[in-house]
Amino acid sequence: MDRIIYNEHWARVYGAALLFSLIVGFSFLFAKTAVTVATPLQTLVYRFTFAFLAIYLVEVSMKDRKPINNLVRRKLAVNAMFYLGFMVFQVVGLLYSSSLESGIIFAAIPILAKIIARFALGETSSFRQNFFVILSVAGVMAMVVGSTNSAPAENNFNLLGLILLILSSLSMAASNVYTRYVRAECSPFRISFYIAALGCLVFHGAAITAGLIDGDLIGYYLSPLQQPKFLVATLYLGIPSTVISAMLMAYMMGHMTAVKATIFGNLSTLISILAGAFFLQEPLQFYHLVCTGLILAGVIGTSLTTSAVRARH
């Protein structure tokens, strides 16, 4: 147990981590639904529109809002840019790469976060913790490889796609570590607000540009709304999967080391595969169960090992 987690709070902290994994895990189901009727950019536009509207309504209803200075605003903007960088690089990178490459690279995010946190925050870890992190990552990678081998082959290697996916994973790892840095001055709500606001601004700007190039700006915006399942999917992606998950991650980063919080992303990958098997009737093989054991052992083991923390603010 981390020294920075008080005994009376551990259930709340790990409860938040499990809820985060569930929300993100099920988001893949809704993302698959959304992209069947709209482009990735249209999905991102409505995802962040709903995210911003939801969190703005909460913002205006708050009575005692704590003022923040310009330096803190800049830190929040940097953190939001890291988060949006993850999404942009991911969406574009997936256009040029295979599911095998993307799954393996994204599985390595906890390792990348661990390296960044070591230099940025001075977080160190024991041999046991390193072992469990690698165990969890190996479980995700093995599951991705097995799933890809049982699906139609995607053997076209693309260097640009690989670079974009690596940049996406680095952005996510940097976002998680930077969230831990800004948590000393900002609440989880404020961190989520800036992510939703900046995302809404950036993706609407991109959508307006795409619509003008296409020659039908109104149609570009309105065509996805003709599908009720798109609205349901983007509502979930916008509110629980963006606003609430960002708040949960920020809360976790206030009480966990970066690697411990990030490792729950691997658990969300496991949940997404199991959800696909149960809700989309995707095949569930024996190796899924073996990899499930590896991922769970890695997540639990990482959570129970002790880390040294010397946060630099």
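All values reported here derive from a predicted model rather than from experimental measurement.
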Verdict with reasoning, Tyr236 to Phe50, per ring pair (Phe, Tyr, Trp, His ring centres under 6.0 Å): CA-CA 9 Å; Tyr236 181 89; Phe50 290 135; over 10 Å; no
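- Under the 4.5 Å side-chain criterion, counting only non-hydrogen atoms from C-beta, Phe89 is not in contact with Leu170.
- Counting heavy atoms from C-beta on, the side chains of Ser241 and Arg47 come closer than 4.5 Å.
- Residues Ser136 and Leu294 form no side-chain contact, since every pair of their non-hydrogen atoms from C-beta on lies 4.5 Å or further apart.
- Using modelled atom types, one side-chain atom of Ser171 and one backbone atom of Leu167 make a donor-acceptor pair closer than 3.5 Å.
- The side-chain heavy atoms of Leu53 and Ile239, taken from C-beta on, include no pair separated by under 4.5 Å.
- Taken together through direct or relayed side-chain contacts under 4.5 Å among Ile, Leu, Val, Met, Phe, Trp and Tyr, Ile295 and Leu19 form part of one hydrophobic cluster.
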Could you walk me through whether Phe82 and Met172 pass the side chain to side chain contact (heavy atoms under 4.5 Å, CB included) test, one step at a time? CA-CA 7 Å; Phe82 278 132; Met172 186 74 262; over 6 Å; no
Gln42 and Ser223: CA distance, side-chain angles, deciding distance, side chain to side chain contact (heavy atoms under 4.5 Å, CB included) verdict: CA-CA 9 Å; Gln42 288 171 320; Ser223 58; 3.6 Å; yes
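- Open room surrounds CZ on Arg128; 12 or fewer heavy atoms of other groups in view lie less than 6.0 Å from it.
- Contact annotation: the side chain of Tyr220 approaches that of Leu41 to within less than 4.5 Å [non-hydrogen atoms, C-beta and beyond].
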Show your reasoning for whether ring pair (Phe, Tyr, Trp, His ring centres under 6.0 Å) applies to His255 and Tyr14. CA-CA 10 Å; His255 300 277; Tyr14 282 100; over 10 Å; no
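- Only one option out of Leu29, Val24, Ile23 pairs with Phe26 in a side-chain contact (heavy atoms from CB on, under 4.5 Å); it is Leu29.
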Show, in sequence, the C-alpha distance, side-chain angles and deciding distance for Arg190 and Glu185, and conclude whether the salt bridge (Lys or Arg N to Asp or Glu O under 4.0 Å) test is met. CA-CA 10 Å; Arg190 189 60 52 198; Glu185 300 171 284; over 6 Å; no
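- For the pair Phe132 and Leu135, the minimum side-chain heavy-atom distance is below 4.5 Å.
- Residues Leu76 and Tyr178 fail the side-chain proximity criterion, which asks for heavy atoms closer than 4.5 Å.
- For the pair Phe230/Thr36, no side-chain contact is recorded, criterion being any heavy-atom separation below 4.5 Å from C-beta on.
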